[in-house]
Amino acid sequence: MDARAHEPERERLAAAQEGGPGRLGFRRARALSALRHLGPHRAGDARRGRVARRPARAGRGEGGAQGRAARGPATLAEKPFSRRGWVFEIKYDGVRVIAERRGDQVKMLGRSGEDITARYPEIAEALGALAVPHFVLDGEIVAYDESGRPSFARLQKRMLLSRPRDVAAAMARVPVRAVFFDCLALEGCDLRKLGLLDRKECLARALPPAGVVQAGDHVEEHGEAFFEAASEMGLEGIIAKRGDSPYTGKRSTDWVKVKCQRRQEFVVGGYTDPRGGGRHFGALHVGVYEDGRLVHVTRVGSGFDDAMQDKLWPQLQSLARKDSPFGDTGPDTRADHWVEPRLVCEVRFTEWTADGGLRHPIFIGMRDDRKPEDVRREEGREAESEPLPESDVASDDAQAGGDGASDGVPSDDAGDGGAGEARAGPVARGGAGSAGGERVVRLSNVKKTFWPDDGYTKGDLIGYYETVAPLMLPYLRDRPIVLTRYPDGIKGKSFFQKDAPVFVPDWVRTESVYSKDSERDIKYFVLDDVESLRYVANMGTIPIHAWSARSGSLERPDWLVLDLDPKGAPFAHVIEVALALRRILDDLELPGHPKTSGATGLHVLLPLGRRYTHEESKTFARLLATLVQHEKPEISTLARPLHARGGKVYVDWGQNGHGNTIVAPYSLRPLPGAPASCPLKWSEVNGRLDPARFNLRTLPKRFEKLDDPLAGVLGPGLDMGTAIVAIEERMHREGPP
DNA sequence: GGACACG
DNA sequence: CGTGTCCAACGCAAT
DNA sequence: ATTGCG
Ligand SMILES: [Mn+2]
Ligand SMILES: [Mn+2]
């Protein structure tokens with residue numbers, strides 16, 4: 001999944017080391033004579049300059065319960081060190097594993113000796129495929145987050161599974177690898193009495209340096225440079241071990257851990273102006289007390305969201321003062337503003353710099369349980385696990401938390417499901433700014449490829465929406481919408497966005513809607529005009545999802561939607577179900593208009609004319625869906641769980657509640673070919689219908705000479721009362737569903 | 001994509 | 001300048 | 001309470 005993505009980091013680490021002081025001697029351990037007959041794992045493998053990979057740092061503070069329990073109470077060092085005879089390894093944030101292979105038999109044991117082979121079948125398989133048929137290895141199973149860093153939170157999604165079904169499903173979502181750092185036995189030789197370096201030499205002969213199973217890297221002697229590079233990469237930490245130590249498998253006092261991340265409280269003494277517009281402030285000025293006076297330490301501008309800025313801003317205003325509380329120990333320019341030093345915040349960082357600043361400061365949160373006067377520079381506090389502080393003697397029980405980085409791949413209807421990988425794609429600066437109230441979008445990166453298979457760029461995306469704006473805007477105007485953003489194109493990471501960030505120019509309309517769930521107002525985008533549409537397109541928005549209700553009548557939807565979702569079912573069946581629905585609507589004298597979802601499904605919209613509530617709409621939709629399913633029981637279903645659908649078309653009536661959305665008519669989809677959700681005439685709903693034919697390139701042409709077939713949806717609404725009478729008559733004729 | 005901080 | 005880090009949803013029902 | 005789904 002992400003193998004590629006890590007390569008650059010690996011190179012960086014290697015480079016950082018080579019350039020480092022004294023250049024690292026990758027002294028190869030002497031090959032063991034007993035094992036000389038084993039060739040190197042790869043032809044010509046000198047393992048030169050190979051260094052650790054694997055960024056780390058999310059997840060539990062402590063390198064995983066497993067590691068701790070099994071590897072014993074390694075002491076914790078405050079500072080990295082370099083020492084002859086010592087070996088330095090990356091501290092992986094994973095789960096301990098002992099893997100044994102005897103010919104065809106592979107067995108993996110967890111920390112307390114439980115058999116975890118079935119839980120990680122891909123690793124067992126990779127071990128079974130190695131050239132060396134007999135071994136016992138000690139290592140760590142690791143999962144990675146989107147940006148390629150080890151994520152204990154992700155790994156937990158697999159740690160608890162046991163049913164083969166669940167495991168198989170999770171394999172695709174949470175790929176894992178195993179990194180081994182020790183070799184207990186190889187080709188029948190017990191290696192446990194050998195020194196660590198010798199065992200690592202054997203390890204390198206059994207395992208490749210990269211892959212689903214890999215030999216963990218290490219360097220000798222030069223711990224500081226290694227630590228430096230590890231910190232640079234955001235790794236969790238390093239472990240130092242004596243190079244000549246025999247295998248103990250258990251507690252080892254000659255192991256020393258050094259963590260990269262630190263955190264402590266700081267006093268807020270001011271803030272800077274934001275560089276762009278939008279935010280209240282750019283960064284906070286923070287410091288600590290030293291000999292009774294407040295000393296400036298750093299600015300910290302990363303880590304708060306808009307909500308935190310909003311919360312902080314009034315407090316900063318009320319504490320405003322003219323001169324710097326840091327005296328002459330900090331900056332004082334026109335862009336700096338000062339406050340009474342009464343607020344305390346917590347900051348995560350990698351290290352103190354020589355001149356008393358911080359490297360990589362990240363704001364964590366405000367702390368009101370700490371008096372500002374008590375805030376001093378602390379020497380030895382390393383960071384705990386990120387989401388929740390946790391006692392050191394943690395058990396292995398799960399706790400979600402994590403960085404909340406759900407790989408939100410929007411699906412809407414019959415979705416692709418193609419989750420994006422984080423790619424090391426080209427990065428470019430650029431801005432869409434509000435030039436003094438001027439309704440002009442400054443487009444950025446218009447040549448960036450968004451659909452690599454088709455060669456369409458972000459400029460094409462924006463151009464498309466500009467072109468179809470006259471057709472599309474009637475379905476967007478006055479409506480809260482939800483963006484699905486793909487800033488790096490359809491293969492990149494994606495996310496939903498409801499709340500308009502503070503930096504959007506004020507000429508883009510927003511509508512505040514209270515969210516019960518998050519207990520706050522969400523400022524939804526509202527796209528009333530082509531400029532606003534261009535603005536969100538420039539943000540990398542591909543699909544636009546629209547509410548069925550408009551501002552001013554948010555509880556009274558304009559339409560009802562029935563969503564026909566295949567998901568394995570043949571498209572011909574979708575057509576057949578849609579036509580059955582149409583016959584029912586005709587029978588009941590109800591209006592209904594079809595559109596493609598843009599993926600593989602069809603939407604049928606019925607005008608409601610703001611006559612009913614969302615609840616009423618949903619109830620009526622369920623009634624209609626039931627009639628359809630009754631009409632086509634062999635090929636349609638009302639069952640939501642995928643496994644219960646049995647290859648039938650899902651008649652989804654449930655997307656008619658408050659706050660539910662549909663892919664807006666004419667909206668593009670993040671799929672190869674750039675298909676659009678395209679309104680249809682009923683006469684087009686037949687066996688020759690191919691949804692892929694309506695796309696970024698072709699759709700504008702289609703509507704040059706075709707009126708919007710969906711227009712009726714915004715017209716007079718249907719009458720449920722009349723329809724229900726007709727339904728009763730129909731049931732008399734045909735029997736109850 | 002856009003906001004930071006850093007080198 | 002370029003680089004890296006952080007942030008950007010929610011409402012359900014089923015188990 | 002956690003997950004699956006859209
Ligand atoms: Mn659908
Ligand atoms: Mn980006």
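Quick note on labels: first sequence line is chain A, next is B, and so on, each numbered from 1.
- To the nearest angstrom, C1' of dA3(B) lies 17 Å from NE2 of His360(A).
- Atom OH in Tyr535(A) sits roughly 12 Å away from atom P in dG1(B) (whole-Å rounding).
- Here dG11(C) presents its P atom at 10 Å from NZ of Lys516(A), a figure rounded to the nearest Å.
- Between Phe450(A) and Tyr456(A), the ring centre distance reaches or exceeds 6.0 Å.
- Residue contacts for Arg279(A): at a heavy-atom cut-off of 4.0 Å it reaches the sugar-phosphate backbone alone, with no base atom in range.
- Within 4.0 Å (heavy atoms only), Leu358(A) reaches sugar-phosphate atoms of the nucleic acid but no base atom.
- When the C1' atom of dC6(B) is taken as reference, atom CZ of Arg299(A) falls 10 Å away, rounded to whole Å.
- Figure legend: Arg645(A) and Tyr650(A) shown as a cation-pi pair, the cationic atom lying under 6.0 angstrom from the six-membered ring centre and within 45 degrees of its axis.
- Whole-Å rounding puts the Asp306(A) CG to dG1(B) C1' distance at 13 Å.
- Taking the six-membered ring where the residue is Trp, the centroids of Tyr271(A) and Trp313(A) are separated by under 6.0 Å.
- Spacing between atom CH2 of Trp547(A) and atom C1' of dG11(C) amounts to 12 Å, rounded to whole angstrom units.
- Between dC10(C) and dG2(B), the two P atoms lie 22 Å apart (nearest whole Å).
- dG4(D) sits 16 Å from dA9(C) when the C1' atoms are compared, rounded to a whole Å.
- Using modelled atom types and a 3.5 Å distance limit, the side chains of Lys595(A) and Ser677(A) yield a donor-acceptor pair.
- We find that CZ of Phe304(A) is positioned 15 Å from C1' of dG2(B), with the value rounded to whole Å.
- Note on Leu483(A): nothing from the nucleic acid sits closer than 4.0 angstrom, heavy atoms only.
- Atom OH in Tyr650(A) sits about 11 Å away from atom P in dA13(C), given to the nearest Å.
- If you check every strand for non-hydrogen atoms under 4.0 Å, Asn660(A) touches nothing.
- Place Phe363(A) and Lys618(A) on DNA chain C by their nearest nucleotides, and Phe363(A) ends up nearer the 5' end.
- Taking the six-membered ring for Trp, Phe620(A) and Trp653(A) have ring centres at least 6.0 Å apart.
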